[in-house]
Amino acid sequence: MSPLAGHRYAVGSMPDTRTIQAHLAGLIDQAARAAVANGDLPDVALPEPSIDRPKDAANGDFASALPMRLARAAMKPPLEVARAIASHIPADATIDPPEVAPPGFINLRLSNAFIQEQVEHVIREGAAYADLGLGKGKKAQVEFVSANPTGPLHVGNGRGAAIGDALAAVLGAAGYEVSREYYVNDAGTQADTFTDTLYARYQQLFGRSVEIPKDGYPGEYMVDLAKALRERASDGYLRPEGEAAPKELGPAGIELMLQSIRAALDSFGVHYDTWYSERSLYESGGAYDTAMRILREKGLLADREGALWFSSSELGEDKDNVVVRSDGHPTYYASDIAYHWDKFIRRGYDLVVDVWGADHHGHVSRLKTATGAVGADPEALHILLYQLVFLKRSGEAVKLSKRAGELVTLSELISDVGADAAKFFFLLRSPGAQMDFDLDLAVKQSAENPVFYVQYAHARLCSILERAREQGITPDGGDVSLLTQPAELALVREMMRLTDVIEVVASSLEPQQLPHYAMSLANAFHAFNDSFKQANDPSLKVITEDTALSAARLRLVLAARIALARVLGLMGMSAPERM
RNA sequence: GCCCCCGUAGCUCAGCGGAUAGAGUGUCGGCCUCCGGAGCCGAAGGCACAGGUUCGAGUCCUGUCGGGGGUACCA
């Protein structure tokens, strides 16, 4: 993000879309120094010049507010400071002559030559267009969904899936070596409760009058699961009445549940590199043993009231927390400490993103503290909380709860509104904002979801290229300097923004800019394409009798397709060639 | 009680200290004999409230009100 102050480019080697802002910041910085040296400005401390994008295109492509920040120290009106700096901006091939505007902006407009050159840049980069080097040489992991395998994924999990998958893709584009991980909670109390419920349902199938546990899972899917096990093993899991469930029942049930979770994510287009078993943390000499040993050696574990406590209050937490319950079972917290030791220390990730539902909020601070205590850098752990999804059916609130047994599954959502539309819908909202999800409305809106607007633009770009090919015209050899129409240049400008978007998303870890940008890019294309139509002039089309101009415009179409396909890909959506 | 997130257009949401606060959808009005109208252009309509910081606040700080979450030897 930091501008390369004083960065120079040799003649003939223009900066590309990745570095134009740094280049412009360098020009401003250089000009400000020259103004000081020349006596046009008093010798004041110069902050790093920031480069903004004006909201209104009339104010140029980029602007600097530096004069307003210098005005007080320089004891001059901001507009005068702006003029002083602007007059020292050197002639540069990337920009037209700068302008100053009240109350004290320096406005910069990109030259047509520079903009045209970006079309070649995009085509050259191809599928890697807008890749950044931010995370070069660094390993990142995004862990998301990680829902307990005690029930099917619900709509809320879908939000986590869409967010996590898009973040992983963007981090990859930003240069990180990225791994997607699902943490399988196959140990602990909820797994036990799951087993107890499953065994009760299983016994019921054989005519025994057994109740499911009071804190068990009442959902109908548990009956289906029991039936599946009966089909597979007949009465093989049955034990004499009154006895506990056989050891193999739990894992068998969890495996079945995981299969359905995997299938749902698969149909959502989300694929993982690693499915990490919580139980594996407890192998002898494994992550759990190691992490607890580290805490013990640091004197951070204390036996009290029959349980083992992590002395987190010594590290600034509100209170101590139990890591091993008085019944001898480790808590979820203990698992997570071991798991994060494993992520950072054993596997060596430089950046870890945990995508959690906001109901885990209370766990954030103490996990960061514990992560530091086992020897990792808590700053490298980013916990992204997404607010819960409030389900509605025709205005009526539906609470998401596996335990209540009432839920709307991700699979149902996918078959009702489609994976691409659902993802787009989830990604549009910032993770921190609660969202209402009216299922009836979603089904109705799926046909007019903005995702189709974006995909439609891609399909049209493809069909223009196809139509040209049929007429024997290709983008090859097109001269981009022929692209001078406002709508053409506007489309390139929009394509150039993708690098900004990736940088912002990768550093903020909030993906909502992706769908907004995608709509904006699609709109720039539609406006470009329609401008020819509205003009009702046959020379104003992509494919015209002027083959040189046609080839140039086809290069633009090709580049636009590349950019649009890229952003669709980052969101985990398909880029259809026809619809 | 204490802690955290969120209150922006009729509805669903962007906006991350800069110029006249944007988009989708909905409403109203225009535009194509078109390389795909699942399109383009325009209009109406809004920062919960009260202070503060700043040259500049939807954005940062404090408080009030409203919605949600957390505050377990559940996860």
Side-chain angles (χ1 to χ4, degrees), chain A residues 50 52 54-56 58-59 63-65 67-69 71-72 77-78 101-105 107 146-148 150 185 188-191 193 215 278 305-309 318-319 321-333 335-336 357-365 385-388 390 403 425 428-438 441 445 447-450 452-457 459-460 462-468 470-471 487 504 507-508 510 512-513 515-516 519-520 522-523 525-534 536 541-544 550 553 557 578-579:
Chain A
S50 63
D52 305 312
K55 289 184 200 125
D56 188 341
N59 292 321
S64 175
M68 284 177 285
R69 270 184 255 165
R72 176 177 278 189
F105 290 100
N107 293 336
S146 299
N148 284 344
T150 53
N185 297 106
T189 336
Q190 299 212 358
T193 307
D215 295 326
E278 178 183 9
E305 302 155 28
L308 185 64
W309 297 71
D318 290 344
K319 58 185 187 63
N321 289 282
V322 170
V323 285
V324 181
R325 292 192 288 262
S326 50
D327 65 4
H329 289 98
T331 60
Y332 163 87
Y333 186 37
S335 290
D336 252 11
D359 54 335
H360 289 67
H361 155 76
H363 191 55
V364 171
S365 179
L385 297 177
Y386 61 89
Q387 292 294 320
L388 304 186
F390 291 91
R403 295 186 187 176
F425 192 67
L428 268 169
R429 276 77 178 167
S430 77
Q434 293 166 198
M435 61 181 281
D436 288 341
F437 200 122
D438 192 312
L441 201 63
Q445 284 185 343
E448 50 205 39
N449 192 298
F452 297 115
Y453 174 80
V454 177
Q455 290 178 321
Y456 177 63
R460 287 183 77 176
C462 291
S463 93
I464 290 172
L465 287 165
E466 178 58 30
R467 173 64 67 102
E470 284 166 7
Q471 298 182 21
V504 168
S507 56
S508 69
E510 298 197 346
Q512 68 271 19
Q513 282 209 20
H516 284 100
M519 281 191 280
S520 178
N523 177 252
F525 161 69
H526 284 306
F528 153 83
N529 200 40
D530 220 72
S531 70
F532 299 147
K533 234 196 281 186
Q534 303 291 342
N536 198 16
K541 288 169 67 174
V542 173
I543 304 165
T544 71
S550 300
R553 286 180 178 157
V557 167
R578 55 181 62 85
M579 295 174 69

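Source: prediction; values computed, not measured. All chains are named by letter (A, B, ...) in the order of the sequence lines, taking the proteins before the strands, and each is independently numbered beginning at 1.
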Expressed in whole Å, how much space separates the [atom1] atoms belonging to [N] and [M]?
{"N": "B/U8", "M": "B/U59", "atom1": "C1'", "result": "11 Å"}
{"N": "B/U25", "M": "B/A14", "atom1": "C1'", "result": "14 Å"}
{"N": "B/A21", "M": "B/A9", "atom1": "C1'", "result": "11 Å"}
{"N": "B/G70", "M": "B/A75", "atom1": "C1'", "result": "13 Å"}
{"N": "B/C73", "M": "B/C13", "atom1": "P", "result": "35 Å"}
{"N": "B/G66", "M": "B/U20", "atom1": "P", "result": "35 Å"}
{"N": "B/G24", "M": "B/G36", "atom1": "P", "result": "23 Å"}
{"N": "B/G17", "M": "B/A57", "atom1": "P", "result": "14 Å"}

With a non-hydrogen cut-off below 4.0 angstrom, is [X] in contact with a base, only sugar-phosphate, or nothing?
{"X": "A/Tyr453", "result": "sugar-phosphate"}
{"X": "A/Glu510", "result": "base"}
{"X": "A/Pro450", "result": "sugar-phosphate"}
{"X": "A/Ala459", "result": "base"}
{"X": "A/His329", "result": "nothing"}
{"X": "A/Ala358", "result": "sugar-phosphate"}
{"X": "A/Met579", "result": "base"}
{"X": "A/Ile543", "result": "base"}
{"X": "A/Ala71", "result": "nothing"}
{"X": "A/Gln513", "result": "nothing"}
{"X": "A/Ala63", "result": "base"}
{"X": "A/His526", "result": "sugar-phosphate"}
{"X": "A/Ser463", "result": "base"}

(request) For B/C40, take OP1 and OP2 only and decide whether either is under 4.0 Å from a side-chain N or O of A/Tyr456. (result)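 For B/C40, OP1/OP2 do not have a side-chain N/O of A/Tyr456 under 4.0 Å.
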(message) So, does A/Ser430 get its side chain near the phosphate of B/A14, meaning an N or O under 4.0 Å from OP1 or OP2?
(response)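 For A/Ser430, the contact criterion (side-chain N or O under 4.0 Å from OP1 or OP2 of B/A14) is met.
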(message) Going by side-chain contact (heavy atoms from CB on, under 4.5 Å), name the residues that satisfy it together with A/Val322, two or more places apart in sequence or in a different chain.
(response)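 Here the qualifying residues are A/Ala307, A/Trp309, A/Arg325, A/Thr331.
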Measure from the side-chain heavy atoms of [X] and tell me the nearest of [options].
{"X": "A/Arg325", "options": "B/C73, B/G36, B/C35", "result": "B/C73"}
{"X": "A/Asn523", "options": "B/G36, B/C40, B/A75", "result": "B/C40"}
{"X": "A/Asp52", "options": "B/C13, B/G68, B/G18", "result": "B/G18"}

(request) Check salt bridge (charged side-chain N to carboxylate O under 4.0 Å, His left out) between A/Asp530 and all other residues, then give those that pass, not counting sequence neighbours. (result) A/Lys533
(message) Can you work out whether A/Phe528 or A/Gly188 has the more 5'-proximal nearest nucleotide on RNA chain B?
(response) A/Phe528
Listed pairs, N/O of protein and of nucleotides 25-31 of chain B, under 3.5 Å:
{"residue": "B/C31", "atom": "O2'", "partner": "A/Gln534", "partner atom": "OE1", "Å": "2.3"}
{"residue": "B/C31", "atom": "O2", "partner": "A/Gln534", "partner atom": "NE2", "Å": "3.1"}

(request) Just need the stems in RNA chain B: three or more back-to-back Watson-Crick or G-U pairs, each with both distances under 3.5 angstrom, sorted by first number. (result) B:1-7 with B:65-71, B:10-13 with B:22-25, B:27-31 with B:39-43, B:48-52 with B:60-64
(request) Over 60° means perpendicular and under 30° means parallel, so classify the ring planes of A/Phe528 and A/Phe525, tilted if in between. (result)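 Answer is tilted, since the angle falls between 30° and 60°.
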(request) For the residue pair A/Tyr456 and A/His526, categorise the inter-ring angle as parallel (less than 30°), tilted (30 to 60°) or perpendicular (more than 60°). (result) parallel
(request) For A/Asn321, check side chain to side chain donor-acceptor pair (under 3.5 Å) against everything at least two apart and list the hits. (result)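 With sequence neighbours excluded, A/Asn321 shows a side chain to side chain donor-acceptor pair (under 3.5 Å) to A/Ser312, A/Lys319, given in chain and number order.
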(message) Run the side chain to side chain donor-acceptor pair (under 3.5 Å) test against A/Asp327 and tell me which residues pass, sequence neighbours left out.
(response) A/His329
